[in-house]
Every structure is written in C-alpha cells, then in structure tokens.
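What follows is a set of notes on a single structure, which appears directly below.
Chain letters run A, B, ... following the sequence lines, proteins first and then strands; every chain starts at 1.
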Amino acid sequence: MTNHWADIQNADLVLIMGGNAAEAHPCGFKWVTEAKAHNKARLIVVDPRFNRSASVADLYAPIRTGTDIAFLGGLINYLLANDKIQHEYVRNYTDVSFVVKEGFAFEDGLFNGYDAAKRSYPDKSAWSYEIGADGYAVVDPSLSHPRCVFNLLKNHYSRYTPELVSSVCGTPQETMLKVWEAIAETSRPDKVMTIMYALGWTQHSVGSQMIRTGAMVQLLLGNIGMPGGGMNALRGHSNIQGLTDLGLLSNLLPGYLTLPGDGEQDYAAYIAKRTQKPLRPGQLSYWQNYEKFHVSLMKAWYGKSATVENNWAYDWLPKLDAPGAGYDVLKVFDMMFQGQINGYFCQGFNPIAAFPNKAKVGAALARLKYLVIMDPLATDTSEFWRNAGEFNDVDTAAIQTTVFRLPTTCFAEEDGSLVNSGRWLQWHWKAAEPPGEARTDIAIMAGLFHRLRALYAKEGGAFPEPILNLDWPYLRPDDPAPDELAREFNGRALADVSDPASGAVLAKAGEQLAGFAQLRADGSTASGCWIFSGSWTQAGNQMARRDNADPYGMGQTLGWAWAWPANRRILYNRASADPSGQPWDPAKKRLVWWNGKAWAGTDVPDFKPDSAPQDGMSPFIMNPEGVARFFALDKMAEGPFPEHYEPFETPIGRNPLHGNVQAVSNPAARVFKNDLELFGKAEEFPFVATTYRLTEHFHYWTKHCRLAAITQPEQFVEIGEALARERGITAGDRVKVSSNRGFIKAVAVVTKRLRPLTVDGKTVHQVGIPIHWGFSGVAKNGFITNTLTPFVGDGNTQTPEFKSFLVNVEKV
Amino acid sequence: MDMNRRQFFKVCGVGLGASSLAALGMAPPPAYAETIRHFKLANTRETRNTCPYCSVGCGLIMYSRGDGAKNVVQEIVHIEGDADHPVNRGTLCPKGAGLLDFVHSPNRLKYPEVREAGSNEWKRVSWDEALGRIATLMKADRDANFVTHNANGQTVNRWLSTGFLAASASSNEAGYITHKVVRSLGMLAFDNQARV
Amino acid sequence: MNNEIERYTPAERSNHWAVAILFVLAGLSGLALFHPALFWLSGLFGGGVWTRILHPFLGLAMFLLFLVLAIRFARYNHLNAYDRQWLKQMDDVVNNREDRLPEVGRYNAGQKLLFWVLVLCMLVLLVSGIVIWRQYFGEAFGVGLIRLAAVAHALAAFVLILGIIVHVYAAIWIKGSMGAMLYGKVSRAWARKHHAAWLREIGRK
Amino acid sequence: MASQDITARSATTTPMPQVRQVGEVAKLIDTSKCIGCKACQVACSEWNELRAEVGHNVGVYDNPNDLGADSWTLIRFAEYENPASGNLEWLIRKDGCMHCADPGCLKACPSPGAIVKYANGIVDFNQDKCIGCGYCISGCPFDVPRLSQKDHKAYKCTLCSDRVAVGLEPACVKTCPTGAIVFGSKQDMQMHAAERIEDLKERGFAQAGLYDPAGVGGTHVMYVLHHADQPSLYAGLPEAPAISPLVELWKGVTKPLALLAMGAAVLAGFFHYVRVGPNRVDEEPDPGEPTVHQVDPSVHVVDPNKQP
C-alpha cells in the first residue's frame with residue numbers, strides 16, 4: 001500500500017477492483033465503511049462477481065475476468081477526452097512532458113523490438129527518454145511534442161472507446177459510464193479516490209500491467225501521495241510484505257536491493273548501474289545511496305570477512321543467469337518436473353495446494369530426492385505421496401521422495417515482528433509454549449546451518465567460504481533470539497558514524513542506528529535490511545510502540561509501531577501539497593507542507609526535509625527523473641504502456657483490439673512449452689472460471705480449524721442462475737468442474753450474483769471457484785482447486801493466472 | 001377404598017386451598033440463584049500479538065490460563081481483538097475470531113517425522129536425527145551440483161538443484177535469518193508466497 | 001337367588017384403574033407444567049426435567065389403555081331417545097329424584113356423554129401431545145401447528161380434568177358405584193334404582 | 001452486578017425487583033454495513049465455547065444452515081432484485097435472539113427461573129433450570145431458541161450477559177469488522193440508527209428505517225434496514241412480530257381461569273354433597289326376592305351411622 005488501512009477513512013471515493021476487501025480483509029475494509037459513514041464517501045466495486053464488497057457498494061459494475069486493462073484504458077481515454085484530470089498535478093509531478101526516444105512504436109498489438117521466438121522484447125533501448133546535450137532528459141512543458149509522454153498516452157488509449165471496452169469487458173456501457181463519471185469527479189484537487197486491489201489484479205498473465213493502469217488513473221486524477229488516495233495493494237498474508245521487504249525472492253536482497261547477474265562480474269559496475277544520476281536538474285534520485293545499503297547488508301551478513309579488499313564479499317553472492325525474476329516458483333517447479341531439482345524446502349508453505357496445475361506440482365514433488373516441510377500444521381504438501389482417493393490419486397510406493405516434516409511454532413508461541421500491508425512493523429509476544437517438540441523457524445534454520453557449517457569445516461566441500469564466514473554473533477548460536485535478529489536488520493555502527501557536514505558523531509561504535517540516513521558505504525555500519533533501519537534504535541524497539549494518539553484526526557498514529565521507510569505512513573506524501581508546498585486541500589487533506597523552513601505535517605515527509613519548493617525538487621524522489629511515470633521505460637516486460645491482452649484461456653479466442661495472433665494474450669508472459677499444450681479451448685471448455693478465497697477461510701490453514709470449518713464446511717462452486725438452468729443444476733447439487741488439466745467435484749451454489757455477460761457478441765458465463773479445501777483437515781475433505789488452474793505467469797512477477805481460465809461444468 | 005365424607009372434605013379442601021393460594025401468589029418463595037455465568041477471563045494472563053492471517057495486521061490479545069508461575073503450563077484459552085490497535089480497534093474477522101482453534105488445532109504438528117522413500121507412513125524421529133539427515137542430504141547435493149563458474153568462465157557461485165520456499169506468515173526475524181542462511185549457501189531457487 | 005350382579009369383570013376393573021392411575025400421574029405432571037402455581041407438583045416426579053420426560057410417556061400409556069377400555073365399552077354408550085329425555089331432566093338427576101327419570105340402561109346419558117367427551121379429549125391429547133413432544137418430534141412440525149397443538153392440549157386436558165372431577169364426584173355421590181368398580185358387583189336394588197333397563201336385560205339372559 | 005437485576009422471571013407470579021432505575025442496553029445491527037463475514041458467528045462460538053458439528057453446504061452461503069443449540073447467531077443471506085432501481089441487492093442479516101421487551105419465550109416457559117429478563121433488557125436462559133420442554137420455541141415470535149440434542153436444554157444468545165455484567169460489550173459486537181454491530185444504551189442506539197438512516201436515505205434508500213418492533217414491546221437487538229417497509233426481504237424477518245395469539249391464549253389469563261374452573265368444579269361437587277346428599281339405594285328387600293339380605297358393601301363402608 002502506498003497509504004495504509006486507517007487512512008482509507010480520508011477517501012471521498014473508494015474503488016475496489018481486482019480485489020474483494022470485504023471478503024479478504026474485513027477489518028481493513030472497516031475503514032471503507034468509516035469513510036462512507038463519516039466522510040460521505042461512495043464505494044464502487046468492479047468485479048466479475050457481485051461479492052461481499054459489492055453488497056455494501058453504492059455502485060457495482062460486472063466485468064469479465066482478465067479485462068481490467070481494457071476497462072481502465074477506457075477510463076484513461078475518458079478522462080483525457082473529457083478533460084477530467086488534475087492538471088497542475090499531472091504537469092508538475094508526472095512525466096507527461098518528457099520526450100520519448102525516436103524508434104518507440106506500438107503497432108498491431110506489439111511494441112517495437114518483439115522477438116516471437118523468445119516470447120519477449122530483448123531490445124528495449126527505444127523505450128526511454130530522449131537525452132539532451134546537458135545529459136538530462138528532454139522535456140516539453142507545452143505538451144505539444146508528438147513524442148512527449150502525454151501525446152503518446154493519449155494516442156495509445158484513444159483506441160479504448162466505450163463501445164469497444166464494453167464489448168471486451170462485458171460491462172454494460174451505461175453502468176461503465178456511471179463508474180467512469182464518478183471516478184472522474186476525483187480529478188478535483190479536494191476530491192480523492194483510493195484504489196484497493198489485491199490478487200484479483202495480480203493473478204493474471206497481465207497482472208502487473210493491470211496494476212500499472214490503475215496507478216496511471218490515480219496519477220491523472222492527482223490521487224497518489226494524497227491522504228485517502230494512493231494505490232493500495234492489499235497483501236494477502238500477515239508478513240508477505242515483510243518477507244518481500246526482506247528480499248526472500250530469487251532475484252532480490254533485503255530492502256529491494258538486487259542480486260547481480262552473470263554479466264555483472266565487476267563490483268563497481270554493479271553499484272554504478274544501481275546508483276542512477278538524476279535525469280532532471282535538482283532531483284534527488286535517492287537510489288544514489290544504493291552502495292551504503294549494500295555494503296551495510298554485506299557487513300551484517302559477513303561481518304569482518306566483508307572487506308573493501310574482497311569488494312565486501314561480492315563473489316559470495318550467487319549470480320543470476322536467468323533473466324527477469326530468475327528462479328521463480330513456476331520456473332523451479334518446471335525444473336523439478338524435468339528432474340533438475342533434488343531437494344526442496346517448504347517453510348510454512350503448501351505448494352501442492354497453492355500452485356497451479358496440481359497434477360504437475362505433484363508429479364514434480366515426486367521427482368525430488370528429499371523434501372523438507374516446516375509448518376505448524378499437517379499440510380497437504382507434506383502428504384503429497386498419500387493416496388487420498390480421487391482427491392489425490394497417487395501410487396505411494398512409486399514415490400521415492402524422502403519427506404521430513406518439522407513442527408514449528410505458530411504466532412502465539414513466539415516473539416517477533418510482522419509487516420502489515422500498510423508497511424507497519426508490529427512486534428508481538430509469545431503467550432504459550434508450542435505443542436510437543438515444535439521449534440521456531442529460527443531455531444530450525446540455525447540448527448540446519450550449524451550442522452552444515454560443521455560438516456564443511458570438517459570435510460570441506462564446494463565453495464565453503466560463505467558458509468564458514470557467515471557472521472553468527474548470537475548469544476545462543478542454536479537459537480538466536482528474535483530481538484538479536486531485529487537489532488541486526490535495523491543496523492548498528494561498527495565504528496563511530498559522523499555527520500559528513502558538521503563532523504558531529506551521530507552514532508558511536510556499537511550503538512544501534514537511528515535510521516538508514518546513517519548508513520555508510522565504507523564498512524563502518526552494518527544493517528541487514530536498510531528500509532527497516534530505524535525499527536530498533538538506541539532508544540529501543542520501535543516496533544513495539546503502542547501510542548495510538550491521532551492528533552490530527554486523520555488516522556496517522558505515528559506513535560503506533562513503526563512503518564518503513566523512516567516511520568512514514570503515506571508514500572509520496574510530498575505530492576499531497578501543490579508545487580508551492582501547500583496542501584491541495586488545506587481544509588481536509590493536510591498531510592505535509594512547507595512551513596517556510598522545512599517540511600512538516602501530520603506524517604513524516606517523504607522528501608528531502610529542507611528542500612524548499614522553489615528548489616524545484618519533484619516528489620517522486622526514488623525516480624531519477626523525480627516525477628511519476630506514465631511511460632514505464634524499460635521496466636515492464638510487455639512494454640511501457642499497458643495494453644489489453646486476453647487471458648491465456650480466452651472465451652472469445654481473439655483480442656478484439658487487434659488481429660495479430662501473436663498479441664491475443666500477453667506476448668511476454670511466463671509460459672513453458674509443455675504447459676502451452678495444456679491450455680483449453682472455448683469449444684471444449686466454454687465457461688470462464690475464476691478462483692478466490694472466502695472470508696471464512698484462510699487459504700489452506702483454516703480447514704484445520706473447527707470454528708472456520710463450521711462456517712464454511714464444504715467445497716462449493718458458484719454458478720449463475722442462467723448457467724444453472726442451461727445445465728439443469730439446482731442449488732445443492734454436486735457438479736463436476738473440469739479444465740484441460742483435471743477436474744474437481746463440489747456443491748453448486750446457484751446465485752443471481754453471477755450473470756452472463758455479452759462479450760464480443762457472445763454470451764459468456766463466469767464460474768466462481770473458492771480455493772480452501774484439500775485432502776486433510778477438520779472441514780470436509782475436497783479437491784484441490786488448483787487442479788484446474790493453468791501454469792502460466794505474469795511477465796514481470798511470474799504470478800500464475802489463477803483468476804482467469806476456461807472450464808466446463810456438468811451435473812454429477 | 002371408599003372415601004368417607006370427612007376424608008372427602010379434607011382432600012377437597014387441601015387441594016383447593018393449595019391451588020388457590022398458589023394462584024394468588026403465595027407459592028413458597030423460590031431461591032433466585034445467580035444465573036449469570038462467571039466472567040471467564042478473570043485472572044487470565046494477557047499477551048499482545050498480531051493476527052497471523054492477512055496483512056491488515058490486526059492487534060490481538062491472547063488470554064492464557066495461569067499467572068506465569070513456575071509450576072503452571074500456560075494455555076491460551078481465549079483470543080480477541082486489541083481495542084487499542086489503530087487499525088482493527090478490537091475487531092476481528094471470522095478467521096481471527098477463531099484463532100483459538102488454529103492454536104489448538106488437532107492437526108498441529110508436534111514431533112519431527114520422516115516419511116521414507118516409498119513408505120506409506122510417518123515415523124517419529126528426534127530433532128537431531130532429522131536435522132542431521134537433512135544437513136547431510138543438502139551437503140551431498142550442494143557439493144555435487146554447485147556451480148562456481150558458468151560456461152563463459154564467469155564467477156557465478158550458485159546452487160540450483162535445491163530450492164527453498166519461504167513462508168508468508170513467519171516473522172521478519174525468521175525471514176531474515178532464513179535469507180541469510182539460504183544465500184550463504186548460494187541458493188537461487190528461493191521464493192515466497194508473494195509470487196502467488 | 002343371588003342378590004348381587006356382576007357389573008364389571010376383573011379385566012374391565014383392572015383396565016379402568018390402570019387408566020385412572022395413569023390419569024392421575026399424567027394429570028399431575030401435566031398440571032405441574034400447566035401453571036407456575038402447580039410447578040411444585042413436578043417434585044412428585046423427581047423435578048422439572050423428569051416431569052417433562054415422564055409426562056408424554058404417561059400420557060401415551062394412558063391413551064393406549066384408555067383405547068382398550070373404550071373399545072370394551074363403546075357399544076354400551078350409544079345415545080338414544082331415552083337419553084335425550086334423561087338429559088332434559090337434569091334437575092331431577094342432580095336432586096336425586098331418579099323415580100321421575102326415564103328408565104336407564106347399562107349407562108345413563110351423563111355417563112355416555114362423559115364417555116364420548118373422554119374419547120374426544122384423549123384423541124386430541126394424543127395428537128397434540130405428539131406435535132409438542134420436542135424430544136422426538138421437534139423438527140417435524142411447524143411452529144404455528146405446535147402453538148395450536150399446545151393450546152389444544154391444554155384445552156383438552158382442562159376438559160378431561162373437569163370431566164373426571166364430575167366422574168369421581170358421581171362415584172362418591174351415587175353410593176354403590178365405587179363398589180361396582182372396586183369389586184365388580186352391584187346389588188339388584190342398586191341396579192333397579194339406577195339402571196333398571198340394564199337389570200331387566202341381564203334378567204332375560 | 002447491579003445492572004443485572006432480574007425484572008421478569010419465567011413461571012413466576014410474584015413481582016420482581018423493580019425499584020432500581022437501570023438503563024436499558026441494546027445491540028444495533030446495521031444491515032447496510034454488514035458484509036456477512038460471519039465474524040460474529042465465530043466470536044460468539046469462541047466466547048461461549050460452542051462448537052457445532054461441521055455440516056454440509058446445501059447450496060447457499062448460510063453455514064451452519066440454521067440456528068442451533070450450539071450456533072446462537074447466524075448470518076442469513078438473501079438475493080433481492082430491487083424492481084425500483086433494477087439493482088441486485090445482497091441483503092445480509094445477522095439472525096439471533098432479539099431480546100424482546102415482552103419476551104414470548106419467557107411467557108411460555110413453565111419452569112420457574114429458567115428464563116429471566118434483566119433490568120438492562122437482556123433475556124437470558126438458565127440451563128440449570130431448563131426442563132427441556134421447548135415451550136420457549138413455541139413462544140418466540142422470531143424462531144430463535146433451540147433445544148440441544150445433547151442435553152435437551154434450550155439455548156440461545158445471552159447477549160453475552162457475562163461480558164455485559166462486567167462492563168464489556170458482547171463478543172459479536174466487539175469483533176464486527178465493519179462496525180455493523182454496535183452496542184450501547186438503547187437510547188444511544190436509536191440515535192445512532194437515526195444517523196445511519198439519514199445516510200441511507202441520502203444514498204437512495206427512501207424506505208430506510210429502524211426495526212424495533214412494537215408488537216413485542218420493542219427489542220434490545222435492533223436492525224437498521226434499507227427497506228424497513230419490507231423486513232421479510234431479509235431472509236424472512238417478521239413484518240410485525242408479536243407473541244402469537246395462540247400463545248397468549250395458552251399462557252395468558254386463561255390459565256388461572258382454568259385453574260379456577262377446576263377448583264370450582266370440585267367445590268360444586270362438595271356443595272352438592274352437602275345440600276343434596278348422597279344418592280343411596282333403599283334398604284327394603286326386593287319384593288319377591290329371597291330373604292337373605294346382603295348389605296351393599298359401599299353403603300356399609302361409607303356411612304357407618306346408618307348401619308343398624
């Protein structure tokens with residue numbers, strides 16, 4: 001989230017699209033009801049299903065799953081055509097005036113530089129700004145240059161007419177226009193819309209671009225950085241934000257630092273590439289501090305062994321050969337399926353239930369030599385080898401995988417911190433001992449590491465240096481305390497750290513650092529995760545703070561827990577003030593402002609605190625250009641502007657925007673050859689299916705909890721009344737839902753809430769399939785819903801397309 | 001057994017008298033026992049926590065039996081929302097409201113177990129055996145498949161044949177140390193729930 | 001010549017007294033639930049819960065035995081023209097002026113009427129009792145019907161109890177009746193006075 | 001626990017303490033804020049230590065499918081196509097005890113003290129005294145109490161009388177994520193409802209209103225409805241609930257009258273006996289009968305004074 005949960009109360013309009021906050025985040029959704037009750041806010045829900053969020057919405061619009069870019073692209077066109085944009089914001093805080101390089105083109109559904117054989121754009125060099133003789137990007141403040149971003153944007157979305165969009169999305173034109181009209185109202189500086197989305201956008205082969213389109217709408221309306229505004233990703237799990245922040249992904253290091261690729265053999269070049277100089281005069285380009293963060297990380301990991309001589313242990317980091325995300329789970333499970341992976345660890349994760357095409361995942365796991373499960377609960381994955389009848393029909397004896405199952409504590413039995421969706425790090429305390437012999441994940445990792453280190457010390461082996469030299473300063477080496485680890489990722493001074501300007505000592509050697517501004521690239525500081533720096537300072541554990549005072553009545557509660565970065569609650573909050581430094585709406589939307597000497601306000605300013613408005617520094621300080629981007633440069637796999645592509649399993653078999661067969665579905669998606677063959681066609685699987693979770697359950701955990709099982713006991717699918725009539729199904733019947741990858745059987749819930757849509761002249765029925773059941777638990781056993789889903793991922797995040805695929809439905 | 005007149009009068013009189021007196025409200029006064037159940041949280045111990053499900057990060061108060069004395073095994077008996085928490089303000093969704101059944105789920109794992117190749121059952125093992133065997137398997141695989149240089153002779157130092165899927169609800173501290181260990185081994189097949 | 005006539009066989013007497021005992025038990029347990037003032041009667045049955053458990057079984061047993069009794073006696077209880085005349089002279093009945101009344105057969109009109117009232121009440125009690133018997137039939141009936149049945153049950157019980165009060169009093173009032181049901185025999189004089197036609201009838205046999 | 005004075009008690013004819021002026025509480029359920037998440041259901045079961053059986057899905061979201069002895073509250077879902085606006089509405093209502101000011105259950109209950117009404121308005125069942133007859137179910141205009149198959153006792157929402165007694169709100173109120181359930185004095189709840197109704201009217205629900213049915217003397221659980229003119233849209237919420245006339249007939253003034261009637265019948269017999277006397281058979285021998293005389297045993301026993 002750019003903003004945070006309680007801030008939603010400041011919204012004038014809430015758009016829930018690509019998510020179902022009432023269902024999946026009820027306690028966060030409270031702030032929508034608060035905005036409605038106390039701020040007269042309106043709620044708009046755009047979703048394939050009339051869902052729980054829609055039940056309290058002022059306006060609901062149905063949409064065919066997977067067509068959100070068309071809907072939002074149409075909205076961009078509507079805003080530009082009807083001049084419903086926040087002009088001053090767009091002009092000053094975005095890249096509309098930047099001139100794009102010659103050679104950038106979009107034709108017949110593809111941007112320039114596409115390589116069909118590689119299914120990607122290997123050459124993105126034209127997707128960038130024209131650089132002038134002064135070394136800065138060329139801008140045209142008059143917005144008349146034909147290649148300035150504004151005109152390219154306008155041109156790109158001019159194709160998204162209401163008629164076409166309605167035909168792609170199936171949304172009735174009248175409803176769609178009502179939604180657009182309401183959204184357009186928030187282009188006024190004193191009206192703010194928030195967008196709340198979640199996996200309903202992420203889990204598409206074009207998920208990242210859907211989110212980008214939403215962000216572009218928010219930029220046009222001037223809603224980013226505003227209280228009650230922003231782009232708010234409602235993260236799914238309690239600490240998925242934190243684990244992402246800590247970089248537990250194939251290509252990342254903590255704090256969104258990135259691993260080097262094979263080509264980056266030279267440490268200085270690795271750093272240089274990541275410390276971009278400003279693209280416009282007077283801009284901050286904060287990533288210029290990258291090396292400070294990187295060196296501090298290496299000092300936290302390798303201590304004294306990371307030296308300037310060995311480039312801070314640069315070669316001890318593995319280098320990525322795979323482009324993009326590297327070894328994401330789709331790639332890894334494909335490798336496993338090919339027999340290239342021998343060992344696999346699942347720490348609190350249930351891949352056989354959570355990943356697409358369960359048959360493939362199960363077959364892949366069966367090719368492992370060893371599988372290690374660490375979990376508080378008996379997961380389906382831990383028993384993937386057990387024959388559970390039609391739910392999991394496997395030949396147990398033939399599965400040669402050795403499976404270890406290690407019991408872990410649950411939240412109630414350990415201390416530690418979690419990062420919520422609003423980036424708040426909140427500390428929690430242990431209340432009881434774990435059952436039996438369960439241990440914390442920390443103790444298990446430490447126990448494994450020690451055995452490995454002892455083996456390497458004794459026997460030697462492949463490249464033992466990073467293992468032998470990993471810094472392990474914990475008082476109990478086999479069970480490091482959570483507070484020791486928290487202090488380590490916050491960071492401490494290894495030598496006295498002083499202010500380069502005044503020379504004053506900011507932190508003495510051995511002291512905890514106050515924040516990432518104190519990090520140094522000379523090895524005098526160690527910090528395991530720079531963005532968490534400030535969470536455990538010399539003053540103690542900031543994450544455990546419990547002052548919920550809200551002096552401005554805007555829900556910022558700066559004394560509660562600690563938010564990264566720097567306890568800032570709303571990102572880009574400098575944009576909530578106009579170029580002169582005063583809030584766009586001084587009456588109700590005061591966040592930060594220039595008080596004549598410094599930036600101050602109800603939140604920690606996301607800006608250089610002493611940069612006066614007249615200095616001309618723009619609010620988006622992480623970008624070298626200082627402004628927000630409509631034009632994504634080379635950052636996105638599919639191109640700089642989002643374009644509608646059909647889901648890989650499309651009910652209409654074509655892309656109504658263009659005839660190019662290469663551009664029906666995302667031309668740069670993550671897809672593997674053997675999976676391409678498993679995509680179904682509308683002739684055999686005529687209905688559009690989407691999967692989702694229910695408010696009563698949490699993924700595959702709560703099927704082990706009696707109270708949750710009572711409230712939603714048995715697997716079901718939702719089908720509309722029209723489809724039910726067509727197939728002779730009544731509520732409560734058992735139905736078989738099949739895709740080209742398998743089938744599930746479940747109870748039919750027949751509802752008015754799913755209606756057939758008219759798409760591209762055809763009637764399209766949508767089927768809703770909740771995910772929560774499996775072959776073990778307190779709830780009634782059921783099929784793993786991901787038996788049905790396709791093994792294809794987004795081009796940027798590699799997130800599988802769980803939200804849109806084709807099925808057939810029959811009565812059992 | 002015939003009734004004589006006196007007996008008859010007696011029976012009639014007592015019956016009638018009793019019923020009419022009772023009807024007039026002179027029934028023996030019933031004892032009004034305390035009907036309100038006892039408040040079950042009196043003297044439980046409160047511990048602050050954060051809901052482990054979604055990312056709203058609701059504050060919890062866990063109530064456990066026992067005052068923390070040496071001879072008491074604390075058991076969590078009730079969980080409800082933390083009214084001071086600025087986001088959830090004491091509220092909890094159905095999952096959070098039912099967290100007690102997660103903590104006490106019959107399907108909680110209690111001991112390290114191993115399922116041997118081809119077997120159809122779990123065998124309980126000690127921690128030492130489990131961790132020892134896993135470390136040995138890891139080392140064997142790493143030593144056999146570690147790549148120090150790629151085909152172009154570039155230093156790459158990666159281990160691709162074992163993968164690690166990190167959690168989504170474990171603490172930052174667990175995540176941090178997991179990352180530290182996994183990267184020191186040179187692993188790249190490293191991911192978490194953020195991807196899906 | 002024997003001066004005594006058999007009015008009730010041992011089987012009939014046993015049957016009657018079994019029904020009577022069950023009536024008392026069902027009645028007392030029912031009254032315990034009928035009005036708060038009589039709830040103390042539940043103490044006779046081991047408390048409220050036992051009263052609730054026993055009452056339907058007592059009632060059911062009463063009904064079944066009554067059914068046998070009713071089948072035994074139904075043929076004596078057809079009302080006829082004499083009965084209507086008898087009923088018209090109720091004033092003579094209550095004032096012991098039997099000589100003015102039409103000749104009575106085995107049962108007089110009052111007894112016959114009582115018989116049919118009992119039959120009707122028993123049927124109503126059975127049917128309504130089943131409807132409100134939550135433990136076994138809780139799910140079988142709608143709340144509207146249950147409410148109706150509760151009223152019907154109470155009403156039928158009320159009528160039944162009134163009827164039995166009359167019945168018991170009549171037995172006390174008409175000397176010799178109690179003996180008939182206790183020992184089975186009545187004197188010819190008793191029969192001639194109260195049931196002359198019946199006496200003649202058995203004389204003919 | 002001064003606020004927990006008992007002001008009405010089942011099967012009790014004497015007056016209860018009435019002197020202390022205890023304020024009434026109420027729970028307000030705003031259906032226009034309810035998202036049907038069932039947190040209230042779970043919190044209720046968790047707090048009250050209830051675990052219903054894991055049932056089946058019967059083709060709807062309502063789970064468990066009905067209230068039960070171990071499910072005291074339940075979210076009920078109804079899909080309604082509003083003919084005026086053309087919009088689909090998913091009307092969601094938390095069902096459970098309404099805590100009537102004039103509780104039908106209490107009226108129907110034959111067991112003294114098994115059902116009580118506290119001065120603050122809470123109607124509570126005391127299972128110790130419950131005899132399991134189920135009359136409360138017949139008495140309830142909202143079809144709320146349920147008999148347990150385990151112990152044949154009746155159960156229903158207690159409005160968390162144990163929490164309220166120590167100054168806390170009921171468990172469902174505390175947990176409700178969207179603030180659709182609020183708790184306070186009845187007056188405050190009525191004021192809160194008025195604000196909500198105004199907001200709903202402004203959003204196009206002209207018939208929005210408060211459900212606090214007078215037929216049962218008002219309730220201590222009230223609803224804000226978008227369509228207060230059609231409560232039955234909300235999964236059959238009664239339009240004009242009142243204690244059924246049959247229950248009134250069954251449990252009302254007829255009862256003491258019936259008792260009096262029975263007593264009167266006995267008295268009538270008594271006075272008849274006194275005034276008219278027993279009906280005896282003449283002692284003269286039967287003309288033409290044998291001389292052996294046998295005394296009528298009943299006469300012999302009943303009236304020894306008449307014996308020669």
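For D:C176, no part lies under 4.5 angstrom from a heavy atom of chain A. When heavy atoms are compared at a cutoff of 4.5 Å, D:Q41 approaches chain A solely by way of its side chain, counted from C-beta outward. Contacts between D:E195 and chain A at a heavy-atom distance below 4.5 Å are absent for every atom of the residue. Contact annotation for D:V60: only backbone heavy atoms (N, CA, C, O) come within less than 4.5 Å of a heavy atom of chain A. Looking at A:S53, neither its backbone nor its side chain comes within 4.5 Å of chain D, counting heavy atoms on both sides. Interface remark: A:V32 contributes no atoms to any contact with chain D (heavy atom separation under 4.5 Å). Heavy atoms closer than 4.5 Å to chain D are found in the backbone of A:N51, but not in its side chain. In this structure, chain A has heavy atoms under 4.5 Å from both the backbone and the side chain of D:V54. Only the backbone of A:A748 comes within less than 4.5 Å of a heavy atom of chain D; no side-chain atom from C-beta onward does. Contacts of D:I75 with chain A are absent, with no heavy-atom separation under 4.5 Å from either backbone or side chain. For D:I92, the part lying near chain A is the side chain, with the backbone staying farther off; criterion is any non-hydrogen pair under 4.5 Å.
Atom CD of A:E34 sits about 5.5 Å away from atom NZ of D:K33, to the nearest 0.5 Å. For the atom pair CZ (A:R755) and CG (D:L88), the distance works out to 5.0 Å, reported to the nearest 0.5 Å.
Between D:W90 and A:R52, the closest side-chain pair of non-hydrogen atoms falls below 4.5 Å. For the pair A:V747/D:H56, no side-chain contact is recorded, criterion being any heavy-atom separation below 4.5 Å from C-beta on. Looking at heavy atoms from C-beta onward, D:R203 lies in side-chain contact with A:K36 at the 4.5 angstrom threshold. Side-chain contact between A:Q715 and D:N57 is absent, with no heavy-atom pair separated by less than 4.5 Å. Counting heavy atoms from C-beta outward, A:R753 and D:F77 have side chains that stay 4.5 Å or more apart. Residues D:I35 and A:P26 have side chains in contact (heavy-atom distance under 4.5 Å, counting atoms from C-beta outward). At least one side-chain heavy atom of A:L694 sits less than 4.5 Å from a side-chain heavy atom of D:Y61.
We find that A:K780 and D:E53 are not joined by a salt bridge, their nearest charged nitrogen and carboxylate oxygen being 4.0 Å or further apart.
In this structure, D:Q187 places its CD atom where only 12 or fewer heavy-atom neighbours from other residues, nucleotides or ligands lie under 6.0 Å away. Applying the 6.0 Å contact sphere to CD of D:E198 captures no more than 12 heavy atoms from other residues, nucleotides or ligands. Surrounding NZ of A:K40 are more than 12 heavy atoms belonging to other residues, nucleotides or ligands, all under 6.0 Å away. Counting non-hydrogen atoms of other residues, nucleotides and ligands closer than 6.0 Å to CD of A:E174 gives a total of 12 or fewer.
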Side chains of residues 67-74 of chain D: which donor-acceptor pairs under 3.5 Å do they make with residues two or more places apart or in other chains?
from  : atom 1 : to    : atom 2 : distance (Å)
D:W72 : NE1    : D:A69 : O      : 2.6
D:T73 : OG1    : D:K94 : NZ     : 2.9
D:T73 : OG1    : D:D95 : O      : 2.7

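Heavy atoms only, all atoms of each residue included: D:T178 and A:F29 are closest at CG2-CD2, 3.8 Å. Among all heavy-atom pairs drawn from D:L50 and A:L707, the shortest one is O-CD2, 4.1 Å. Taking each heavy atom of A:V56 and D:S32 in turn, the nearest pair found is CG1-O, 3.3 Å.
Contact count against chain A (heavy-atom pairs under 4.5 Å) is highest for D:E202 among D:E202, D:E46, D:R196. Chain D forms the most heavy-atom pairs under 4.5 Å with one residue out of A:D733, A:T695, A:V749, and that residue is A:V749. Heavy-atom pairs under 4.5 Å with chain A were tallied for D:P64, D:C34, D:G55, D:S45; the largest tally goes to D:G55.
Of the options D:E81, D:E89, D:E79, a salt bridge (Lys or Arg N to Asp or Glu O under 4.0 Å) to A:K752 is made by D:E81 and by none of the others.
In terms of modelled atom types and a separation under 3.5 Å, the side chain of D:R51 and the main chain of A:R706 share no donor-acceptor contact.
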